[in-house]
Peer 1: 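After the structure tokens below, expect a handful of questions from me.
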2 protein chains.
Amino acid sequence: MFSKACEYGIRAAVYIALQSLEGRRVSVNEIAEEIDSPIAFTAKILQQLSRNNVIHSVKGPTGGFEIERTDMETVKLNLIVKAIDGDQIYVGCGLGLKECDADKPCPLHDKFVDIRTDLRHMLESTSLYELATGLEVGLTYLKR
Amino acid sequence: MFSKACEYGIRAAVYIALQSLEGRRVSVNEIAEEIDSPIAFTAKILQQLSRNNVIHSVKGPTGGFEIERTDMETVKLNLIVKAIDGDQIYVGCGLGLKECDADKPCPLHDKFVDIRTDLRHMLESTSLYELATGLEVGLTYLKR
DNA sequence: TATTAATCGGACAAAAATGTCCTTTATTTA
DNA sequence: TAAATAAAGGACATTTTTGTCCGATTAATA
């Protein structure tokens with residue numbers, strides 16, 4: 001569904017959000033350790049998220065990554081997915097046809113649109129804050 | 001969503017079904033031409049589908065690929081997807097966690113399960129016959 | 001001001017997915 | 001029986017994704 005990069009990106013962002021709720025700024029090393037992902041690859045992904053203003057980075061000692069409380073509520077998953085995987089999920093025919101739309105639909109068009117619409121709504125309505133608080137309360141888990 | 005291989009596989013299977021409805025057996029070359037896919041790669045995929053009894057292959061002159069009328073109705077898309085992409089779509093955590101289930105759910109677990117369930121139902125309930133007749137009647141299109 | 005700790009960014013490496021080529025095998029038909 | 005046709009299958013090539021390494025940059029602090 002999502003690329004590996006995107007999976008790591010979402011997990012990282014949720015972890016950063018969780019720690020930011022506690023006022024902690026976290027390093028790539030800690031993030032990669034906590035979400036069980038390859039360090040250097042994770043660093044690249046965090047750069048992308050930082051450039052796209054999904055998370056905030058601070059260089060130097062005591063630096064690291066954080067997300068402001070307000071951003072946590074504003075930033076929905078679709079922003080992260082877009083920053084890493086691009087439009088992939090939203091655009092294009094399910095069967096890979098170049099010319100496929102409501103006018104000249106592929107055999108799977110309608111059924112595919114339904115599912116993708118649901119997915120889009122889910123991503124557009126789910127905030128980092130929501131996911132982070134679920135973790136905080138112990139309702140959900142991130143490790144392994 | 002699907003791999004390229006899977007997209008080609010579904011398109012090919014639908015085209016074969018359509019032609020089989022007219023009593024025509026079709027060659028890899030014709031299939032690749034009609035669904036606009038790389039020939040040799042398509043040949044590999046057709047082999048997989050043949051081995052998994054999704055389609056039937058006949059060697060030698062006048063040979064090619066076909067699908068029996070009864071199979072067309074029996075074979076649902078999930079069979080094709082499984083034959084090519086394996087369990088990928090059905091199994092595993094949306095965020096790539098190894099240990100993620102209803103007991104120890106990842107932050108996205110429930111929302112992800114919903115969407116995947118919809119997708120699974122769609123694939124399990126859509127037959128090649130249904131897709132092929134849509135094409136036959138001119139309601140849908142396969143080219144480009 | 002030197003040291004240290006952290007991200008940034010570019011180049012490289014490995015693995016997986018996609019795609020090609022060519023030989024072998026099966027089968028029809030002249 | 002020989003020639004022609006079509007799938008089967010193995011080896012190889014290319015591209016994309018995933019992952020690593022290392023030097024440059026930034027900033028805190030001793």
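Source: prediction; values computed, not measured. By convention in this document, chain letters (A, B, ...) are assigned in the order of the sequence lines, proteins followed by strands, and residues within each chain are numbered from 1.
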Peer 1: Is B/Gln47 close enough to D/dG9 that one of its side-chain N or O atoms is under 4.0 Å from OP1 or OP2 there?
Peer 2: yes

Peer 1: May I ask you to say what A/Arg51 touches in the nucleic acid, namely base, sugar-phosphate or nothing, with a heavy-atom cut-off under 4.0 Å?
Peer 2: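 Sugar-phosphate contact only.
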
Peer 1: Think A/Tyr8 has a side-chain N or O under 4.0 angstrom from the OP1 or OP2 of D/dT18?
Peer 2: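 So the side chain of A/Tyr8 is outside the cut-off, no N or O lying under 4.0 Å from OP1 or OP2 of D/dT18.
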
Peer 1: Could you tell me which non-hydrogen atom of B/Leu97 sits nearest to which non-hydrogen atom of A/Tyr141, and how far apart they are?
Peer 2: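 Where B/Leu97 meets A/Tyr141 most closely, the heavy atoms are CD1-O, 3.8 Å.
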
Peer 1: To the nearest Å, give me how far apart CG (B/Asn29) and P (C/dC21) are.
Peer 2: 13 Å

Peer 1: Which nucleotide wins on minimum distance to the side chain of B/Phe41, given the candidates C/dC8, C/dG19, D/dA8?
Peer 2: C/dG19

Peer 1: Do you know the tightest heavy-atom contact between B/Val58 and B/His56?
Peer 2: CG2-CE1, 3.9 Å

Peer 1: Nearest whole Å is fine: how far is D/dA27 C1' from A/His56 NE2?
Peer 2: 13 Å

Peer 1: Could you state the CD-P distance from B/Gln48 to D/dG9, rounded to the nearest angstrom?
Peer 2: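 My rounded result for the distance is 11 Å.
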
Peer 1: What's the CD-P distance between B/Glu7 and C/dT18, to the nearest Å?
Peer 2: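 It is 9 Å, rounded to the nearest whole Å.
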
Peer 1: From the set D/dA11, D/dT18, C/dC8, return the single nucleotide nearest to any side-chain atom of A/Ala5.
Peer 2: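 Of the options given, the side chain of A/Ala5 lies nearest D/dT18.
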
Peer 1: Which atoms form the tightest heavy-atom contact between B/Ile80 and B/Val75, and what is the distance?
Peer 2: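 What the structure gives for the nearest pair is CG1-CG1, 4.4 Å.
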
Peer 1: Measuring from the side chain of A/Lys4 (C-beta onward, heavy atoms only), which nucleotide among D/dA7, D/dG19, D/dT20 has the closest atom?
Peer 2: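 In terms of side-chain proximity for A/Lys4, the closest of D/dA7, D/dG19, D/dT20 is D/dG19.
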
Peer 1: Between A/Ile67 and A/Met72, what is the shortest heavy-atom contact and its length?
Peer 2: O-CE, 3.5 Å

Peer 1: Let me know the distance between CD1 of B/Ile35 and C1' of C/dG19, rounded to the nearest Å.
Peer 2: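 In whole Å, C/dG19 C1' and B/Ile35 CD1 are 14 Å from each other.
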
Peer 1: CD1 of B/Ile45 versus C1' of C/dT20: gap in Å, rounded?
Peer 2: 13 Å

Peer 1: For B/Ile39 and C/dC22, give me the distance from atom CD1 to atom C1', rounded to whole Å.
Peer 2: 14 Å

Peer 1: Here's a test of your reading of the structure: between A/Val28 and B/Ser3, which maps to the more 5' nucleotide of DNA chain C?
Peer 2: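 It is A/Val28, whose closest nucleotide lies nearer the 5' terminus.
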
Peer 1: In whole angstrom, give the distance that lies between atom CG of A/Leu49 and atom P of C/dC8.
Peer 2: 11 Å

Peer 1: Is the A/Phe2 ring parallel, tilted or perpendicular to the B/Phe112 ring (thresholds 30°, 60°)?
Peer 2: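 Because their plane-to-plane angle lies in the 30° to 60° range, the rings of A/Phe2 and B/Phe112 count as tilted.
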
Peer 1: A/Val113 and B/Val81: same hydrophobic cluster, using ILVMFWY side-chain contacts below 4.5 Å?
Peer 2: no

Peer 1: Name the closest nucleotide to the A/Lys44 side chain, picking from C/dG10, C/dA6, D/dA8.
Peer 2: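 The answer is C/dG10.
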
Peer 1: Quick one: pull up OG1 in A/Thr140 and CG in A/Leu135 and give me the separation to the nearest 0.5 Å.
Peer 2: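 Separation between the atoms: 3.5 Å.
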
Peer 1: Grab the N/O contacts between the protein and nucleotides 26-29 of chain C below 3.5 Å, and write none if there aren't any.
Peer 2:
| unit_1 | atom_1 | unit_2 | atom_2 | d |
| --- | --- | --- | --- | --- |
| C/dA26 | O4' | B/Lys59 | NZ | 3.4 |

Peer 1: Strictly below 4.0 Å, heavy-atom distances to any atom of DNA chain C: list the hits from residues 77-91 of chain B, or just say none.
Peer 2: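 Output list: empty, so none.
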
Peer 1: Could you tell me which non-hydrogen atom of B/Glu34 sits nearest to which non-hydrogen atom of B/Lys143, and how far apart they are?
Peer 2: O-CG, 3.1 Å

Peer 1: Mind listing the closest non-hydrogen atom pair of A/Glu30 and A/Val26 along with its distance?
Peer 2: OE2-CG1, 3.3 Å

